[in-house]
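Quick notes on the structure that follows.
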Amino acid sequence: MNDSFSLYILLALLGCLLAGILFAWLLYRKTEHLDKRLRYGLFVIRTVAVTVITALLFFPLVRSVSYNLEKPVIVIGQDNSLSVGAIEPNGFNKQQYEKDMQALADKLSEKYEVKVYNFSDSVKSGYDFKNKGQVSNASKFINQLNDELLNRNVGSVILASDGIFNRGGSPLYDLNKLKAPVYTIALGDTIPKKDLMISNVNHNSLVYLDNEFTLEVQVQAFESKGEISRVLVMEGGKKIYDEQIQINSNAFVKNIPIKLKASRLGLQKYTIQLSPLKNEISERNNAQSIFIEVIDARQKILIASAGPHPDIAALKQAISINKHYDLKIALGDDLNVINPKDYSLIILYQFPALQNDGGTFINKVQQSNVPLWYILGAQSNLYAFNKMQSAVNFNGSNNTLQEAFAVANTGFTAFEMSAAFDKQIEGFDPLQAPFGEVRINGTALVALKQRIGKIKTESPQLFFMNAEGKKAGYLIGEGIWRWRLGEAQNDQKSNAFNTLISNAVQYVSAKDDKRKFKVYTAKNTFDENENVPINAVLYNDSYVSVNTPDVSIQIKNEEGKVYNFLFSRTETAYQLDAGMLPAGNYTYTATTNLGGKKHTAQGVFYVNTLVAEYQLTIANHQLLNTMAMQTGGKMYMPQNLSQILKDIEANEQVKTLSYEDRKYEELINFKWVFALIVMLLTLEWFLRKRNGEI
């Protein structure tokens with residue numbers, strides 16, 4: 001193909017030259033009267049000018065080829081984590097090691113392109129031998145190299161580390177992407193030292209008030225056989241657990257289950273401590289703090305009715321399954337001593353009733369802001385029902401009942417109802433519903449609609465509303481005991497009835513957050529190497545978010561040190577990055593003003609001390625050797641750094657690459673071609689003019 005292309009160029013150039021000669025011959029063939037030298041000169045000028053002009057037509061593009069040389073890139077990565085500096089083997093000279101590493105980089109720079117990094121929890125350029133990194137993440141370092149040096153001539157990677165990588169997983173899986181040999185420098189000490197540590201704590205992040213929960217603490221000890229220690233658990237400066245530990249081997253591991261009781265609400269800090277051993281290498285790994293959110297999910301629920309009914313028993317069985325519900329049933333005159341404000345939800349089962357309109361109790365209910373769930377049936381006093389609330393009006397009579405089957409509303413989203421769940425609900429027996437029309441004044445979330453015989457209607461059977469400042473639920477019809485009984489008879493294990501009742505109770509009893517100013521952290525606990533982001537949102541009287549006023553925040557630690565910040569505005573809210581804060585307990589108070597009214601929001605968060613670098617003190621040289629062997633490299637000890645340079649120079653894979661750069665440019669862009677044409681034609685015109693040919 002190249003030979004054909006070259007022949008085409010040669011023939012095209014020859015054609016352009018012949019065209020130029022022909023044009024010049026036609027112009028000057030009858031000019032014998034001119035001086036011979038002038039005549040030949042004009043002939044040559046015209047030939048060259050026409051040849052160049054013709055070439056512009058045949059060769060609009062010109063190919064240029066250049067060659068670029070790229071030196072191999074040698075990457076040096078220095079582990080800057082705490083474990084590298086904390087554990088040094090006998091005979092290790094840190095100052096000499098730093099000089100040797102700098103000298104290695106200088107010598108490599110004479111022949112190669114050298115890039116130096118240090119890594120721990122982050123990756124930075126250049127050497128840093130201070131070893132203050134809280135964690136060691138080699139995978140992050142390797143992945144950054146893969147991104148930065150993509151399609152580059154990476155000759156080799158020199159990795160100086162102790163092989164203790166406690167974040168990001170093993171780097172072995174990412175090394176192959178570099179396609180370069182890795183030369184590892186084995187730092188740290190592989191000889192176990194006397195040490196006692198808490199290696200892990202398993203726990204739930206959320207527990208319920210007054211419930212017992214278990215911490216599973218894993219204790220490890222090295223070279224400490226025969227020693228005795230104690231494990232303590234502290235809460236708020238108070239000791240709540242104490243147990244003695246007998247260490248019976250030099251490689252000691254023990255899992256200790258610790259049962260505690262959640263006695264206080266909110267985010268609680270528990271500190272697990274091991275009493276130190278004499279002459280152990282580090283006491284920093286003898287303690288670890290955990291944070292557990294203690295919530296009170298128990299809600300008091302009241303079922304109020306004029307008298308007993310099988311439906312009440314079915315409701316009781318479904319609600320009582322959740323141990324966080326405290327259910328009470330009050331019938332008839334017992335309601336007179338009930339205070340509605342003591343409850344999170346009141347289920348008015350066919351109440352007010354025809355025989356008992358509730359009088360005093362109903363007045364108390366109307367004066368409270370407790371969510372209500374109305375269940376209407378044959379005994380309901382519909383007139384009293386319409387009078388005590390305005391969201392729903394039942395226009396009908398309970399003297400006549402009709403059978404109404406349940407049909408699931410596919411557009412319902414207040415809580416989850418799967419297709420299988422819907423199918424099971426629709427297979428239940430019909431409820432006995434008062435005959436009449438249900439008029440809804442407002443927006444309702446309809447979960448179930450009525451089916452009369454085979455006709456699906458738009459009349460709601462189970463629906464929910466948010467009116468008069470509180471939530472309310474409505475069930476039109478009695479006989480839900482048949483739903484539970486039918487489910488049991490068919491041996492259906494999905495418990496659709498229990499799920500439906502539980503979801504309805506949970507939805508109606510859940511309190512809406514009506515605060516106009518909310519400030520919250522992204523999470524409750526942060527590590528000391530993490531930034532602390534804080535969000536804020538402000539609502540006006542119409543509960544539309546606004547961000548016009550300034551929002552300030554004061555963060556205070558347990559020693560009383562104060563940090564003051566001003567939030568930045570987002571599109572409709574506020575955001576703050578408080579940066580990295582020292583380990584400890586923090587409280588915050590945010591303030592703003594809207595419409596002349598001051599709004600305040602408070603909260604707490606914790607910054608946890610990182611102990612990952614102290615939990616494993618034995619260097620993992622086996623991993624470093626595997627990394628080197630897997631990539632065709634080699635592992636070296638710190639005193640043999642000079643050998644790395646020799647091995648890299650002897651490696652035939654580490655070589656300079658030559659890249660051919662081909663470019664096509666339009667000939668019309670070369671200004672010198674036009675200058676040549678203009679110069680030739682001008683010279684020809686001048687000579688012809690001088691000799692009377694024009």
Side-chain angles (χ1 to χ4, degrees), residues 1-75 108-115 145-155 178-180 652-694:
M1 182 176 177
N2 290 335
D3 292 341
S4 322
F5 186 70
S6 300
L7 180 60
Y8 165 77
I9 293 176
L10 182 62
L11 292 175
L13 286 174
L14 183 59
C16 293
L17 180 60
L18 291 175
I21 293 172
L22 178 61
F23 197 95
W25 178 77
L26 291 174
L27 185 61
Y28 294 107
R29 59 193 175 97
K30 296 181 179 180
T31 55
E32 292 86 354
H33 57 279
L34 294 176
D35 181 75
K36 187 176 182 180
R37 287 185 300 176
L38 177 61
R39 184 183 180 191
Y40 287 152
L42 291 171
F43 183 89
V44 171
I45 291 173
R46 177 53 63 101
T47 300
V48 173
V50 173
T51 300
V52 173
I53 293 172
T54 310
L56 283 173
L57 300 175
F58 281 91
F59 303 102
L61 296 177
V62 176
R63 183 178 68 173
S64 62
V65 181
S66 61
Y67 294 90
N68 300 318
L69 300 179
E70 184 183 8
K71 290 182 178 181
V73 178
I74 307 298
V75 177
L108 287 169
S109 298
E110 296 174 1
K111 189 175 181 180
Y112 309 102
E113 180 183 349
V114 177
K115 290 182 174 292
L145 293 183
N146 284 328
D147 293 337
E148 290 185 3
L149 303 177
L150 182 66
N151 298 325
R152 291 292 306 277
N153 179 22
V154 181
L178 286 174
K179 299 179 182 179
E652 294 182 357
Q653 294 181 357
V654 185
K655 55 187 177 181
T656 300
L657 297 180
S658 177
Y659 295 98
E660 183 181 81
D661 186 14
R662 296 184 180 182
K663 294 189 297 183
Y664 290 87
E665 296 185 67
E666 294 182 351
L667 193 58
I668 199 171
N669 291 331
F670 292 94
K671 296 181 180 180
W672 64 267
V673 175
F674 288 93
L676 176 62
I677 295 172
V678 171
M679 183 186 69
L680 291 173
L681 295 178
T682 302
L683 179 60
E684 182 187 16
W685 175 85
F686 175 77
L687 294 175
R688 292 183 64 189
K689 182 73 174 178
R690 183 179 180 185
N691 290 275
E693 291 298 308
I694 297 178

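In this chain, residues are counted from 1 in sequence order.
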- request: Using the side chain to side chain contact (heavy atoms under 4.5 Å, CB included) rule, take Val654 and Ile74 through it: C-alpha gap first, then chi angles, then the decisive distance, then the call.
  value: CA-CA 9 Å; Val654 185; Ile74 307 298; 4.1 Å; yes
Between [X] and [Y], which heavy-atom pair has the shortest distance, and what is it?
X      : Y      : value
Ile21  : Phe43  : O-CZ, 3.8 Å
Gly155 : Ala180 : O-CB, 3.9 Å
Tyr28  : Arg688 : OH-CD, 3.3 Å
Thr51  : Leu17  : OG1-CA, 3.6 Å
Ile45  : Leu680 : CG2-O, 3.2 Å
Gly20  : Val50  : CA-CG1, 3.6 Å

pair [X]-[Y]: side-chain heavy atoms closer than 4.5 Å:
X      : Y      : value
Val154 : Leu145 : no
Thr54  : Phe23  : no
Leu42  : Leu27  : no
Val44  : Glu684 : no

From [X] atom [atom1] to [Y] atom [atom2], the distance as rounded to the nearest 0.5 Å:
X      : Y      : atom1 : atom2 : result
Leu149 : Asn151 : CG    : CG    : 10.5 Å
Asp35  : Leu687 : CG    : CG    : 11.5 Å
Ile677 : Trp672 : CD1   : CH2   : 9.0 Å
Glu113 : Leu108 : CD    : CG    : 12.5 Å

message: So does Arg152 get a backbone contact from the side chain of Glu70, meaning a donor-acceptor N/O pair under 3.5 Å?
response: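 Here the side-chain-to-backbone pair does not exist.
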query: Has the side chain of Asn153 got a donor or acceptor atom that lies under 3.5 Å from a matching backbone atom of Lys655?
result: yes
message: Given the ring of Trp25, does Arg29 sit roughly above its face, with NZ or CZ under 6.0 Å from the centre of the six-membered ring and within 45° of the axis?
response: yes
- prompt: Hey, are Lys115 and Glu148 close enough for a salt bridge, meaning a charged N less than 4.0 Å from a carboxylate O?
  reply: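 Result for this pair is no, no salt bridge flagged.
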